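Accompanying notes for the structure given below.
Order of appearance sets the numbers: ligands from 1, and atoms from 1 within every ligand. Source: prediction; values computed, not measured.
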Amino acid sequence: EKGTYPHFMLKEIDEQPFVIRNIIQKYQNKDGTVRLDEDIRNAMKSSDRIYIIAAGTSYHAGLVGKQLIEKIAQRPVEVHIASEFLYNMPLLSENPLFIFISQSGETADLRGVLVDVKEKGYKALTITNVPGSTLSREADFTLHTYAGPEIAVASTKAYTAQMAVLTLLAVDTANAKGIKLDFDPIQELGIVASAMETLCDQKERLEQIARDYLAVTRNCFFIGRAADYFVCLEGALKLKEISYIQAEGFAGGELKHGTIALIEDGTPVIAIATQEHVNLSIRGNVKEVAARGANPCIISMEGLEHDGDAFVIPKVHEHLTSLATVIPLQLISYYAALHRDCDVDKPRNLAKSVTVE
Ligand code: F6R
């Protein structure tokens, strides 16, 4: 039920702080430490390389998951688009573990890979919002994202839930390996949930940004570096699918290798700047596009903001920035779609779960 909300998408965006708190509750011990299923921990610990398989928004969560697992648990990870993996399989390591990330647990492209790798005798873990789903039943292990039913076609809370669960999976693996963490994951996820609340309270400002930058444009670019690049891919997908504005997410430094030719007078470029080590270089990229007429909109993070930034996100831990940054991008897409009279919850040509290959 939508309750007082005009759209499921807006309701589901607003639910994200609760979803994160729910996940924390489900996956913590009484003493405040993280603990996942013993079998999952052993599978993560004994595998020499993790292969994340996913599609669409879940693939974007997988890209963030790779960073989390590599940085926190020091395990090598590859991320693959499900529909490509079967036909273009990489050389596998000796003891791979497959992680399938799927909101619905029904995506046919993922199932094709799951069936194939199970036949080969490999272990599989499904991270899903629907524990009884096909991908959950057919995998060896399941991690539940506890986001509650996601009705809007555009995925929002499932994405942040996936990243939160991937964080806990990385932390649990680090614990199992005896790696000492320099942050308290439960506390930092709590800070993320509060930041999400603050962000969800800034709808008027984000609606204004959508109106200023996206009301009439044909196209839009999202640029970011390091972790911000992955959230740019997700921001662009969200905008495309519900507002039909052609959008692309780009690594800040890559734009000049061709795509900058598309920048014209007034082209909106949404730049994300939440990463300290690339703050100046992404701002350099903004200057490059501005010099070619672009209309830049900088979304930065507390402590890294400069005068003239359009929007500032509350500070969260550097591993977890994507969970906060995506909220303004989701809301900007939502308001852009509203301004353009699009059917927010049921965009054209799309279905909630894609059960054909
Ligand atoms: C985008 C979106 C899709 C799905 C993709 C995978 O908002 O919803 O890109 O993320 O079809 O679906 P799941 O996660 O159900 O496997």
Side-chain angles (χ1 to χ4, degrees), residues 7-13 15-16 19 51-65 79-86 98-115 124-139 142-166 222 230-249 322 326-327 329-334 336-337 342-357:
H7 297 97
F8 280 107
M9 183 180 178
L10 194 61
K11 173 171 177 272
E12 289 164 5
I13 290 172
E15 282 170 355
Q16 290 174 106
V19 171
Y51 295 80
I52 293 181
I53 312 288
T57 289
S58 299
Y59 171 74
H60 296 154
L63 295 171
V64 175
V79 195
H80 292 272
I81 293 172
S83 60
E84 279 296 301
F85 189 85
L86 265 191
F98 285 85
I99 300 183
F100 294 83
I101 306 178
S102 177
Q103 188 284 127
S104 64
E106 299 296 343
T107 303
D109 289 327
L110 275 72
R111 173 138 199 274
V113 180
L114 176 59
V115 169
L125 159 67
T126 291
I127 298 180
T128 185
N129 204 28
V130 187
S133 58
T134 308
L135 292 172
S136 165
R137 281 184 277 111
E138 296 183 357
T142 295
L143 279 177
H144 188 350
T145 45
Y146 293 108
E150 192 181 63
I151 309 292
V153 163
S155 183
T156 52
K157 62 178 180 171
Y159 168 77
T160 42
Q162 287 163 349
M163 296 189 293
V165 169
L166 285 159
F222 291 80
F230 304 135
V231 88
C232 284
L233 296 177
E234 175 57 12
L237 179 60
K238 248 6 22 129
L239 189 63
K240 279 188 272 201
E241 65 180 331
I242 61 169
S243 77
Y244 315 139
I245 295 170
Q246 181 154 25
E248 260 190 284
S322 306
V326 75
I327 308 262
L329 301 188
Q330 292 167 344
L331 284 166
I332 288 171
S333 297
Y334 173 78
C342 300
D343 187 347
V344 170
D345 281 341
K346 287 200 173 60
R348 69 186 180 207
N349 307 345
L350 295 172
K352 182 64 185 163
S353 67
V354 187
T355 51
V356 292
E357 258 196 62

Out of all atoms in ligand 1, which are within 4.0 Å of some heavy atom of [X]? Include the element for each.
X: Ser155; answer: 7 (O), 8 (O)
X: Glu241; answer: 1 (C), 7 (O)
X: Ser58; answer: 10 (O), 13 (P), 14 (O)
X: Ala154; answer: 7 (O)
X: Lys238; answer: 1 (C), 7 (O)

Students should be able to answer this: which protein heavy-atom is nearest to [atom], and at what distance?
atom: atom 5 (C) of ligand 1; result: Ala55 O, 3.7 Å
atom: atom 11 (O) of ligand 1; result: Val354 CG2, 4.0 Å
atom: atom 4 (C) of ligand 1; result: Thr57 N, 4.0 Å
atom: atom 12 (O) of ligand 1; result: Thr107 OG1, 3.6 Å
atom: atom 15 (O) of ligand 1; result: Ser104 OG, 2.7 Å

Heavy-atom check, side chain of [X] versus side chain of [Y], under 4.5 Å:
X: Leu114; Y: Phe98; result: no
X: Leu329; Y: Glu234; result: no
X: Ser155; Y: Lys238; result: yes

Review point. Strictly by modelled atom types, are Gln16 and Thr160 linked by a side-chain donor-acceptor pair under 3.5 Å?
Key: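 Judged by distance alone, the side chains do pair up.
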
Check your understanding: Would you say the side-chain atoms of Ser83 and Glu357 include a donor-acceptor pair closer than 3.5 Å?
Key ->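 There is no such pair (donor and acceptor under 3.5 Å, judged by atom type) between the side chains of Ser83 and Glu357.
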
Point to revise | Sole residue of Thr142, Thr128, Asn129 in side chain to side chain donor-acceptor pair (under 3.5 Å) with Ser136 | key: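 For Ser136, the side chain to side chain donor-acceptor pair (under 3.5 Å) check succeeds only for Thr142.
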
Check your understanding: Are any of the heavy atoms in Val153 under 4.0 Å away from ligand 1?
Key ->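 It does; at least one heavy atom falls under 4.0 Å.
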
Review point. So, does Ser353 sit close enough to ligand 1 that a heavy atom of it is under 4.0 Å from the ligand?
Key: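 No.
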
Review point. Would you call Lys157 and Glu150 a salt bridge, taking side-chain N to carboxylate O under 4.0 Å as the test?
Key: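 So Lys157 does not pair with Glu150 through a salt bridge.
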
Point to revise | Exceeds 12 heavy-atom contacts within 6.0 angstrom, atom NZ of Lys352 | key: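 Enclosed.
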
Exercise for review: Using atom types as modelled and distance alone, determine if a side-chain donor or acceptor of Glu106 lies under 3.5 Å from a backbone N or O of Thr134.
Suggested key: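 Answer holds: yes.
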
Review point. Would you say Ser102 has any N or O atom under 3.5 Å from an N or O of ligand 1, going by distance alone?
Key: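 Between Ser102 and ligand 1, an N or O pair is found under 3.5 Å apart.
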
